[in-house]
Amino acid sequence: MKIRIGGNMSERINKYLSAHGVCSRREADRMIQEGRITIDGRIAVMGEMVEDTTIICVDGRKIDSCTPPQVVIAFNKPVGIVCTTTDKQGKNNIVDFIGYKERIYPVGRLDKESDGLILLTNDGDMMDRLLRSVNGHEKEYIVSVNKPINKEFIKRMSGGIYLKELDRTTRKCVVEKISDKTFRIILTQGLNRQIRRMCAECGYSVTKLTRIRIMNVELGDLKTGEYRELDGKEINTLYEQIYKQIETVKIQADN
C-alpha cells in the first residue's frame, strides 16, 4: 500500500497511518518492525516522520493522493438482498441496493434469507484478506426456530456439531436461550450457512436469523436497509482486534 502525503506538516508514520484508517498505531509499529513498511523505497524505522513529498509503502500496494480515505460502513441488510457486487441479481445485489457514493465491497457474507449487520469498505481486498486469514473473530446472532428450544438443543449447539454436508465439526460456541423459540449465538468461525446447518442437525428449522454484531461493531438501532459510516475509533479498534487474533494464532502455531 502506498500513500503520497499531502499538506505541509510532518507527522509520525504510525499516527498518519492510523488517522487515514490504514491500521492502528500499534499495528503500524508492528508492521515497521516486520519490515512491511517502506518510506521512499527504503525500510521505515520506528518513530520516523513523514513529510509533504513522502511516499509510504505498506505491503506493496500503491495509493496516491487521489485515493479517497478508507471508508468502512455498517449496513443492516434486509432479507432478499444478495451479498455480491455483480449486477446479475439486478437491484437485489447489496452494492446497488445501498447506492453508496464510492465503490464499496462487502466483507464476508450474510445469506439471502438472513438479515442484519454486514460491513462494507472501499478497501475490500485488505479487509477481506485480514478477516479470512484468521477466521477467529466473534459474530453474534439472534435466531428464531420453528419449535420450542430445550436444554439438549442448547447443549448440542454450544458443544460443537458435525456437519455432514461440509464434513466439518463446528467449534464450541456461546448459545443462550432468549425465549421459547429464540436464542442468541456467538460464533468464531464462518462456515457456509453454519447456523442453519447446525439447527437442522438438531432437528430444527430457522425461521429468522439476524446478525447483530461483528467483533466490536454492533447493529444497534440501525434500521433495516440503512447504513452508517464507522468512525476512526471503531475502525482502529476493529483492526486492533483482527491483528491481535492473528498474533494469537501465530503464537499457538509456534507452540
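Atoms considered below: every heavy atom in the structure, side chains included; atoms not considered: hydrogens, waters and symmetry mates.
- Hydrophobic clustering, with ILVMFWY side chains joined whenever heavy atoms are under 4.5 angstrom apart, keeps Leu219 apart from Val174.
- For residues 147-157, no residue pair satisfies the salt bridge (Lys or Arg N to Asp or Glu O under 4.0 Å) rule, not counting sequence neighbours.
- Partners of Tyr100 according to the ring-ring contact (aromatic ring centres under 6.0 Å, His included) rule, which considers only residues two or more places apart in sequence or in another chain, are Tyr227.
- Qualifying side chain to side chain contact (heavy atoms under 4.5 Å, CB included) partners for Gln33, counting only residues two or more places apart in sequence or in other chains: Met46.
- Aromatic rings of Phe183 and Phe153 (six-membered ring for Trp) have centroids within the 6.0 Å cut-off, being under it.
- Annotation: side chain to side chain donor-acceptor pair (under 3.5 Å) contacts involving residues 192-204, sequence neighbours excluded, comprise Asp111-Arg196, Glu113-Arg193, Ser114-Arg196, Glu165-Arg197, Gln189-Gln194.
- Listed by chain and residue number, nothing satisfies the salt bridge (Lys or Arg N to Asp or Glu O under 4.0 Å) test with Arg211 (two or more places apart in sequence, or in another chain).
- Between the side chains of Ser144 and Thr207, not a single donor N or O lies within less than 3.5 Å of an accepting N or O.
- Across every non-hydrogen atom of Ile94 and Pro106, the tightest pair is CG2-CG, 4.2 Å.
- Applying the salt bridge (Lys or Arg N to Asp or Glu O under 4.0 Å) test to Glu48 and every residue at least two apart in sequence or in another chain returns Arg42.
- Under the 4.5 Å side-chain criterion, counting only non-hydrogen atoms from C-beta, Ile37 is not in contact with Ile43.
- Taking the side chain to side chain contact (heavy atoms under 4.5 Å, CB included) definition, one finds that Lys223 meets it with Glu226, sequence neighbours left out.
- The side chain to side chain contact (heavy atoms under 4.5 Å, CB included) test applied to Lys172 returns no partner, not counting sequence neighbours.
- Every residue two or more places apart in sequence or in another chain that forms a salt bridge (Lys or Arg N to Asp or Glu O under 4.0 Å) with Lys208 is listed here: Asp115.
- Scored by the side chain to side chain contact (heavy atoms under 4.5 Å, CB included) test, Thr169 finds Tyr162 as partners (sequence neighbours excluded).
- Side-chain contacts under 4.5 Å among hydrophobic residues (ILVMFWY), followed directly or transitively, place Val79 with no other residue at all.
- Here the rule is side chain to side chain contact (heavy atoms under 4.5 Å, CB included) with Leu230, and of Asn216, Val72, Thr237 only Val72 fits it.
- Among residue pairs with one or both ends in residues 179-189, those qualifying as salt bridge (Lys or Arg N to Asp or Glu O under 4.0 Å) are Glu140-Arg184, Glu176-Arg184; sequence neighbours excluded.
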